[in-house]
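Each remark here refers to the structure printed beneath this line.
In what follows, chains are A, B, ... by sequence order, proteins preceding strands, each numbered from 1.
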Amino acid sequence: MDETSEVIRQRREKARALADQDIELYPNDFKVSHTVDAVKKYIHQRAAAVDNTAMFAMAGRITGLRSFGKATFIHFRDYTGQLQAYIKQDEIGKQAYALFKQFDVGDFIGIKGNVFQTRTGEWTLLAREIRLLCKAIRPLPEKFHGLRDPEKRYRQRYLDLIMNPNVRDIFIQRTRIVQAFRNFLLERGFLEVETPIMQPIPGGAEATPFKTFHDALGMELFLRIAPELYLKRLVIGGFDRVFEINHSFRNEGVSTQHNPEFTMLEFYQAYATYKDLMALTEEMFGFVTQQVLGEMHFTYQGNTIDMTGPWRRLTLKDALSELGGIEPSMLGDRERLLDFARSEGIEIRKTRRVGKILMKLFDVLVEPKLIEPTFVVDYPVEISPLARRSSSDSNMTERFELFIGGREIANGFSELNDPVDQKRRFLDQVADREAGDEEAHYMDEDYVIALEYGMAPTAGEGVGIDRFVMLLTNAASIREVILFPQLKKIGQ
RNA sequence: GGGCCGUUAACUCAGUCGGUAGAGUAUCUGCCUUUUAAGCAGAGAGUCGCGCGUUCGAGUCGCGCACGGCCCA
């Protein structure tokens, strides 16, 4: 591709010249005694009493190089940080220095030496020995502007990570967030499990699945759209508290808010209700925020968000009328709702049920207004086919959704454990599917059989991890929090 | 799926009215032993995303395509 590029050609020649001098280009026998972080800690602890004869064997990638002829300053970086080194011909000898002059920014090096302070006060490794650990053939992007081109940043994320420290920080934050969720649940006795990614019947959500095929079994399989039905089978099996931090897959468009492959946390707790989970959710998100940010509030795209509970709770109906401007008398009236949608310029597919119309209106009119953490509760049965009916109103379910920063972050409910009702709800979904709704749930007979063995009263919840990471890292696009976001293949 | 914007040296970007390609960084050569976007002097480096068209002449204008970004659905 860039094989003809002059810079790369020169680097290849350099590598060949080094090899001709019997220099190993890719050795693996250098032993590191200290990371950058360890050396910095050592210096910090000793303060004025640093032993400048102590030897450190360090390694990393050269990130900067300032040559003064017979002496050179470099910066090198390992995974813990960056340090300056000073390479002097007087210290390492003429021959070794001549060899070092052939190293480039981007190469990996191993240095053995002592620490000292330069005139400007910067602690620096004075090289007694330096050797090449890996020759880089391609030059890194320019040091000052870094790598900006978004397409290159996503396709060659390694360059993005090398060049842009803030990007590196986002992904470290991401890992910390996931670990905080995990620790919170483990602490409360939840069992972390793994359930199938390839499923014969995709269930647990309303979405279009990816299809694949198992040759030996001669069987069509789907990439999961959610782990829900498998996790509830485990609750039936006696794991009263389970969770899975999972990748699920939805065959939809990509955008700043959607990647076809995304990360979800899903957990189930027996003998709990959706109300218990709302309390748990406040505690859990508060814990994660405090752990990761060290405080309970943050700024997302100009809005300050405070995670301190208790959070506002309002019913779907109230949300629609108060924030969506829909008259309460209109809420059950399909035709009036359609008229209203039209007047608001919201397009709605004709076949949609009242519940779906309401959700569509909610998405457009209400969701963007829910900036501070807010629970919306009481969703209609027809759009919640896996949720338990509300005791006070059999058309409603014991369900909540959590909104933060104008986006849905979590969805939870008391689980439907009545197998007869579950079967009826599946059949209802199948009817929708036959009527042309490709996102309707599939019938899962095996799951109904599982329920017939009895599932303890249970509540469960799914959390959109990517979205929450976006909030805590102030990322406008989901691609900024997914290491390798889905992009189109480059044509020949 | 629709709209707008982008794609020029390895990287970040200029490029006027259509007249034959520019800068900084990086690279190469020379000088330089406490610099940190080191410095000074010099040099090399381009399929202007791809294709077709208009034109005497296209990085520039038109059409199509590819990829990407943002917004809308």
Query raised in the report: Within this structure, what is the CD-to-C1' distance between A/Glu151 and B/rC70, rounded to whole angstrom?
Result: 15 Å
Query - Selected nucleotide, minimal atom distance to A/Tyr154 side chain, candidates B/rU12, B/rG69, B/rC28 - result: B/rG69
Report task. Please determine if A/Arg224 forms a cation-pi arrangement with A/Phe249, meaning its NZ or CZ atom is less than 6.0 Å from the six-membered ring centre and no more than 45° off the ring axis. Result -> no
Query raised in the report: Once you round it to whole Å, what is the distance between C1' of B/rC32 and OH of A/Tyr97?
Result: 10 Å
Query raised in the report: Using purine N1 to pyrimidine N3 plus N6-O4 or O6-N4 for Watson-Crick, or N1-O2 and O6-N3 for G-U wobble, each under 3.5 Å, what pairs with B/rA37?
Result: none
**Report entry** Pi-cation contact, A/Phe484 with A/Arg157 (under 6.0 Å, within 45°)
**Finding:** no
Requested in this report: Any strand is fair game: report the nucleotide pairing with B/rA9 by Watson-Crick or G-U wobble, both distances under 3.5 Å, or none.
Outcome: none
Report task. With C1' as the reference atom in both, quote the distance from B/rU25 to B/rU34 in angstrom, rounded to an integer. Result -> 24 Å
**Report entry** Atom-to-atom span, CD1 of A/Ile8 to C1' of B/rA45 - whole angstrom
**Finding:** 12 Å
Requested in this report: Sort out the partner of B/rC4 for me: Watson-Crick or G-U wobble, both distances under 3.5 Å, none otherwise.
Outcome: B/rG69
Query raised in the report: To the nearest angstrom, how far is A/Glu6 atom CD from B/rA45 atom P?
Result: 7 Å
Query raised in the report: Can you tell which of A/Asn411, A/Asp466, A/Asn246 makes a side chain to side chain contact (heavy atoms under 4.5 Å, CB included) with A/Met264?
Result: A/Asn246
Query - Any-strand Watson-Crick or G-U partner of B/rG44, both distances under 3.5 Å - result: none
Requested in this report: Once you apply the 3.5 Å cut-off to both distances, tell me the Watson-Crick or G-U wobble partner of B/rC50, or none.
Outcome: B/rG64
**Report entry** Along RNA chain B (nearest heavy atom to each residue), the more 5'-positioned of A/Pro141 and A/Thr256
**Finding:** A/Pro141
Report task. Under a 3.5 Å limit for both distances, which nucleotide forms a Watson-Crick or G-U wobble pair with B/rC17, could you say? Result -> none
Query raised in the report: Mapping A/Gln84 and A/Ser67 onto RNA chain B by nearest heavy atom, which one lands closer to the 5' end?
Result: A/Gln84
Requested in this report: For residues A/Ala476 and A/Met470, report the shortest heavy-atom separation together with the two atoms involved.
Outcome: O-CE, 3.6 Å
